[in-house]
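Since the structure comes first, as structure tokens, the remarks are kept for the end.
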Amino acid sequence: MVDPGIANEQGGAPKPPPPPSGGRLVRRSLGLLWRHKVLATVVLGAAYANYRFQSAKKKARASNVISSGTVLTWPIANGSIFEADDGGLLGKLARSLSLSSNKISMLDALVALEMAAEDPRVEALAVRVRTSPTSSGQGSISTGLGIAQTQELREALARFQKKEEQHGAAKGRSYFFVDSFDDQITYYLAAAFSDIAVHPAGYLPLTGISSTQLYFKDLADKLGIDVHVEARKDYKSVVAPFSKSHMPEKHRENVMSILECLNATFVGDVAASRGAEIAARGAPAASAAGIVRRAMEEGPLAAPDALQLGLVTANDYLFDVQSVAGSRKTMPLAKYHSARSAEIKSGRPAGAEAATVGVVYLIGGIERHSYPGAGGVVRALLEAAKDPSVGSIVLRIDSGGGDVIASDTIGAAVDRVQDKYGKPVVASYGNVSASGAYYASATCKRIFASPGTITGSIGVAAMRPIFTRKLLGYLGTNVEELYTIDNRSNSAFTAPHGAELDRYRKSIDQIYATFTARVAKGRGYSDEDVESVAQGRIFTGTQALSNGLVDEMGGFTRAIEAAAQMACRRHHHHHHHHQPAPADAGRQAEFKADITRNVLVKEFPEEKDLAQLIARIFDDGDISRLASSSTTEDLAALLDGVSAAGVSAAVAALFSQNPRRLAEQSMRQNGPRAESDDTRFG
């Protein structure tokens, strides 16, 4: 073997070692990968994930392009349209990954329809109502919406269909496809569409708006359960099913008034929507309302009979939406909302005037200890109030009321937002905003409702079951009670009487007086006049508009636009100290809030990242949520506005490691009988 040095001296160069063969290179590479298999797996996985992500992103960008002649598609099932996102962390993640793209919020659906009404590229809308499984295992063909929600969608559809009037049948056409109708409200929505196709074997259950109520007093008597109730006043009958054998006359009068008003609105709206189709079948359009009412008297109707009357357009099958779209591009409504919103945001000129409106939801029964509970609503209100970008707030409500203290807490937060932060709160009522929900929102600057909204119920009801010896005898049980003080207020086996009963009734009277005083202050009634809308009466939105309980007929989007207009006025007032410069005054006068152009919506509480979602899921107690997002001054002011009996529990909760447990314990020991007696605003 030649020494490399000698080779250099002799003028030669050393020969490089021969390259490894292909087989040796593969073996060496595989050995290297095996020694570092964990790192290699991570790197290769990341590379593959990035490739899939970029491919999906590219595909999404292509599918998000809104083409001329687009047909929007909207598959609807029971639960696919929701008010507030209550799906928790998994639901949010699923929607963000498009695993449940058929779901859309009520607000997004309304805004999407209104944007489509102004978008010349959108030609038509096709809706298919699909069967959704129920707890019994059988399917339900229903939207799952209430009357007021349906009226909001009908209003948005009317805007969309104006395109047809302006541009002819090629634009603004809407199609509704369903196998059959399981309820009248789904047909109420369908009636607003240009074309309604029903399976030939389907049917239309038009029977008129009705109500059914069970009464349990006789059953309770047989079991040996006495139910002591206190209601303020005659029309507050939420507890009547447990203390009466039959419907009280005042309640019957009130409910019939509601039903007749709702039914008249239903008939009138359907007749207006289907009048042209009814006339095309040979009946005069003027008699459309009579035909709808007669159909209710003869219903349910088979699909061929509904077709003959003009209540539907066709008895047909739909195997694929492409039969409607043809060669035109289709786009899901939820995807359209996302794509069009991004277009509007990117196309807004720098410095263009826009108003940001915060939206807070109050959905379902108002409780202290459930999630999100009163604390969650208060936290959202304060978070929106402190956000410098938010000029006003809309409180969206779909609630029949609930716990007295919880309702009072939310009402105190509404007042706090308006008084301390100077931000107007506008209420938007959905299907129902009654009792405690009305209490919480009575002082809002403006209240919007739909004709079919149920509201009012300004009153208080308390119910206390008493288990008698008869029941204990059935159960083969005996009870002995021992008391250190002669006070059996908390006993479930002794009915209140004497001084104890007087105190009990006095507390109910005080709560009722507080309720009516709050309504009088918020709505501008005199002390005498407020009784005419109180006493527990319920009203439709139409009736509430006439008596002053609400300010305006309008849905969610109209409430947001009104709030945006208020925010604009507040902004100019704040910056110009009552004397705006002429140019600014001109801009203020020119600004017209339009949710599709110059209104930004920000929902609260804001979910900024995954950690916050997890923190919310595992957060312990509604009061602790209030504490974590509020200053000491905020808490002091809020607690000062809350019923005094709840303060000790709230203070104990704020300084404890387990606030929910201490709050419940304090309520049992010191608070009013709101839990055991079920004293409620609903």
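A 4.5 Å side-chain heavy-atom check between V414 and C444 finds at least one atom pair inside the cut-off. Side-chain contact between L107 and Y361 is present, with at least one heavy-atom pair separated by less than 4.5 Å. Within the 4.5 Å cutoff, the side chain of Y336 has heavy atoms near those of the V122 side chain.
Annotation: the span from F177 atom CZ to I76 atom CD1 amounts to 13.0 Å, rounded to 0.5 Å. Here CG of L72 is found 9.5 Å from OG1 of T330. Values are rounded to the nearest 0.5 Å. Taking CG of D398 as the reference point, atom CG of L362 lies at 9.0 Å (rounded to 0.5 Å). Rounding to the nearest 0.5 Å gives a distance of 10.0 Å between OG of S392 and CD of Q565.
Residues passing the side chain to side chain contact (heavy atoms under 4.5 Å, CB included) test with N254, sequence neighbours excluded: Y235, I258, R537, I538. Partners of F539 according to the ring-ring contact (aromatic ring centres under 6.0 Å, His included) rule, which considers only residues two or more places apart in sequence or in another chain, do not exist here. By the side-chain hydrogen bond (donor to acceptor under 3.5 Å, both in side chains) test, T150 is found to be paired with no residue, residues two or more places apart in sequence or in another chain being considered. Scanning for ring-ring contact (aromatic ring centres under 6.0 Å, His included) contacts around F176 gives F193, with sequence neighbours left out. The side-chain hydrogen bond (donor to acceptor under 3.5 Å, both in side chains) test applied to S441 returns Y429, not counting sequence neighbours. In terms of the side-chain hydrogen bond (donor to acceptor under 3.5 Å, both in side chains) criterion, Y187 has no residue partners (sequence neighbours excluded). Residues that satisfy the side chain to side chain contact (heavy atoms under 4.5 Å, CB included) test with P451, not counting sequence neighbours, are Q151, T265, T542, M553. A search for salt bridge (charged side-chain N to carboxylate O under 4.0 Å, His left out) contacts involving K521 returns nothing, not counting sequence neighbours. Among residues two or more places apart in sequence or in another chain, the side chain to side chain contact (heavy atoms under 4.5 Å, CB included) test is passed with R159 by E114, A117, R558. Qualifying side chain to side chain contact (heavy atoms under 4.5 Å, CB included) partners for R121, counting only residues two or more places apart in sequence or in other chains: I66, D119, R340, E343. S433 is linked by a side-chain hydrogen bond (donor to acceptor under 3.5 Å, both in side chains) to nothing, counting only residues two or more places apart in sequence or in another chain. With sequence neighbours excluded, no residue forms a salt bridge (charged side-chain N to carboxylate O under 4.0 Å, His left out) with D269.
With 3.5 Å as the limit, one finds no donor-acceptor pair spanning the side chains of S450 and Q149. No hydrogens or angles considered: nothing links the side chains of S80 and R130 as a donor-acceptor pair under 3.5 Å. For the 3.5 Å distance criterion, the side chains of S389 and T356 fail to qualify, holding no donor opposite an acceptor. Using a 3.5 Å distance cut-off with no hydrogens or angles, the side chains of E277 and T313 do not pair a donor with an acceptor. If you check the side chains of D529 and S532, you find no donor sitting under 3.5 Å from an acceptor.
Without hydrogens or angle criteria, S174 side chain to L125 main chain gives no donor-acceptor distance under 3.5 Å. Without hydrogens or angle criteria, D551 side chain to I447 main chain gives a donor-acceptor distance under 3.5 Å. Checked by atom type and distance alone, the side chain of Q418 pairs as donor or acceptor with a backbone atom of T443 at under 3.5 Å. With S341 contributing its side chain and S338 its backbone, the two residues share no donor-acceptor pair below 3.5 Å. Listed for the R154 side chain is a donor-acceptor partner under 3.5 Å among the backbone atoms of Y188. A distance-only check finds a donor-acceptor pair linking the side chain of K329 to the backbone of V65 [under 3.5 Å]. A side-chain donor-acceptor contact under 3.5 Å links E561 to the backbone of I595.
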side-chain contact (heavy atoms from CB on, under 4.5 Å) assessment of I196 paired with R274: CA-CA 10 Å; I196 310 170; R274 308 312 304 166; 3.8 Å; yes
Trace of the side-chain contact (heavy atoms from CB on, under 4.5 Å) decision for M106 with R396: CA-CA 11 Å; M106 186 71 181; R396 174 66 169 183; 4.2 Å; yes
Pair L145-L153, side-chain contact (heavy atoms from CB on, under 4.5 Å): steps then yes or no: CA-CA 10 Å; L145 300 173; L153 289 173; 3.4 Å; yes
side-chain contact (heavy atoms from CB on, under 4.5 Å) evaluation trace for L189 with I185: CA-CA 6 Å; L189 176 63; I185 306 304; over 6 Å; no
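Taking 4.0 Å as the cut-off between side-chain N and carboxylate O, R446 and E552 count as a salt-bridged pair. In this structure, K171 does not pair ionically with E118, as no charged nitrogen and carboxylate oxygen lie closer than 4.0 Å. Comment: D415 engages R518 in a salt bridge, judged by a side-chain N to carboxylate O separation of less than 4.0 angstrom.
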